[in-house]
Student: 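Below: one structure in structure tokens.
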Amino acid sequence: MAEYRAKEYQRGPLEEYDFRVKSGRLRDDEHQRNLIQALQDLHDDLENYNPRAVQHPTIESLQPRKTGFFGSMFGGSSSNKIRMEPAPNLPKGLYMFGDVGSGKTMLMDLFYDTLPTNITSKTRIHFHNFMQDVHKELHKMKIEHGNDIDAIPFVAANIASKASVLCFDEFQCTDVADAMILRRLIESLMAHGTVLVTTSNRHPSELYKN
């Protein structure tokens, strides 16, 4: 996965924002201040967050169940897709939306740059690039293990092992196939303890528009 390489700051996001306003690098903005307060709250939660070790599924567990002739005839299913629930101690992530030029990306970068020192694995990536990487990894799994393998949990575990905090820029979904992948991918990431922070130009109700 492509990764944004951050500078290191001693301040939290709110203190860093105030510093930049006072130094003239930023103009104080009420909307941005509301967002940065929410990011500061998440920062505070993350200071005491210790995600559990990522458990990688075995290839065998992702293969479809084999059913006998009579099982198939009377409705037996060969589906063996793993369902996952969010980790119980998972801090709630953030979805930041607004018009182009409203400062969403700058605030997310500021949050990423000031993450607590206990967050040692983190990734900041443009959502389009992220989905390209996901499709590449899913394709690789199917080439190696066959088209019937449920590759999403395996790919999600690999992502989660590299990022206990995952920041997406310009999150959007305009493809039905991507939407189906995303639902299970995000569920799996949250089950592994990955905290998601995203920016988008779309209101959540319009995320899957058209």
Student: Between Asp41 and Gln37, do the side chains contain an N or O donor and an N or O acceptor separated by less than 3.5 Å?
Tutor: yes
Student: Nearest 0.5 Å please: distance from the CD atom of Glu47 over to the CG atom of Asp44.
Tutor: 5.5 Å
Student: For Met108 versus Val197, what's the shortest heavy-atom pair and its separation?
Tutor: SD-O, 3.8 Å
Student: Please give me the minimum heavy-atom distance between Pro13 and Ile36, naming the atom from each residue.
Tutor: O-CG1, 3.7 Å
Student: Got a salt bridge between Asp169 and Lys104, using NZ or NE/NH1/NH2 to carboxylate O under 4.0 Å?
Tutor: no
Student: Are Leu35 and Tyr17 packed together at the side-chain level, in the sense that at least one heavy-atom pair is separated by less than 4.5 angstrom?
Tutor: no
Student: Is any side-chain heavy atom of Lys140 closer than 4.5 Å to a side-chain heavy atom of Leu138?
Tutor: no
Student: Do Asn89 and Arg52 make a side-chain contact, defined as non-hydrogen atoms from C-beta onward lying under 4.5 Å apart?
Tutor: no
Student: Any side-chain heavy-atom pair from Val165 and Arg124 closer than 4.5 angstrom?
Tutor: no
Student: Between the side chain of Asn118 and the main-chain N/O of Asn48, is any donor-acceptor distance below 3.5 Å?
Tutor: no
Student: If hydrophobic clusters are built from ILVMFWY residues whose side chains come within less than 4.5 Å, do Val54 and Leu166 share one?
Tutor: no
Student: Are any side-chain N or O atoms of Tyr49 and backbone N or O atoms of His43, one a donor and one an acceptor, separated by less than 3.5 Å?
Tutor: no
Student: With a 4.5 Å cut-off on side-chain heavy atoms, are Met131 and Asp133 touching?
Tutor: no
Student: Please report the shortest heavy-atom distance between Ala156 and Leu185, naming the atom on each side.
Tutor: CB-CD1, 3.7 Å
Student: Taking the inter-plane angle between the rings of Phe171 and Phe127 on a 0 to 90° scale, is it parallel (under 30°), tilted (30 to 60°) or perpendicular (over 60°)?
Tutor: tilted
Student: A side-chain contact here means heavy atoms from C-beta on lying under 4.5 Å apart; do Thr58 and Leu62 qualify?
Tutor: no
Student: Does the side chain of Thr123 come within less than 4.5 Å of Cys167's, by heavy atoms?
Tutor: no
Student: Strictly distance-based, threshold 3.5 Å: is any side-chain N or O of Lys142 a donor or acceptor partner for the main-chain N or O of Ile149?
Tutor: yes
Student: Is it the case that over 12 heavy atoms from other parts of the model lie below 6.0 angstrom from the CE atom of Met190?
Tutor: no
Student: Looking at Gly93 and Leu42, what are the two nearest heavy atoms and their distance?
Tutor: CA-CD2, 4.5 Å
Student: Would you say the side-chain atoms of Thr198 pair up with the backbone N or O of Tyr95, donor to acceptor, closer than 3.5 Å?
Tutor: no
Student: Evaluate the ring planes of His126 and His128, with Trp represented by its six-membered ring, and classify them as parallel (under 30°), tilted (30 to 60°) or perpendicular (over 60°).
Tutor: perpendicular
Student: Assigning hydrophobic clusters by single linkage (Ile, Leu, Val, Met, Phe, Trp, Tyr; side-chain heavy-atom cutoff under 4.5 Å), is Met180 placed with Ile152?
Tutor: no
Student: Identify the heavy atoms of Val195 and Pro91 that sit nearest to each other, and give their distance.
Tutor: CG2-CD, 3.8 Å
Student: Within a strict 4.5 Å, meaning less than it, do heavy atoms of the Met96 and Leu39 side chains meet?
Tutor: yes
Student: To the closest 0.5 Å, what do you measure between CG (Asp28) and NZ (Lys22)?
Tutor: 10.5 Å
Student: When you measure from the side chain of Thr194 to the backbone N and O of Ser164, does any donor-acceptor pair fall under 3.5 Å?
Tutor: no
Student: Without swapping roles, check the side chain of Gln40 against the backbone of Leu14 for a donor-acceptor pair under 3.5 Å.
Tutor: yes
Student: As an exercise, state the distance from CG of Asp175 to NE2 of His135, rounded to the nearest 0.5 Å.
Tutor: 6.5 Å
Student: For Ile119 versus Leu115, what's the shortest heavy-atom pair and its separation?
Tutor: CG2-CD1, 4.4 Å
Student: Donor-acceptor check, side chain of Ser61 to backbone of Pro57, threshold 3.5 angstrom: yes or no?
Tutor: no
Student: Taking Asp99 for the side chain and Ser102 for the main chain, is one N or O donor matched with an acceptor at less than 3.5 Å?
Tutor: no
Student: Measure from the side-chain N and O atoms of Ser23 to the backbone N and O of Phe19, and report whether any donor-acceptor pair falls under 3.5 Å.
Tutor: yes
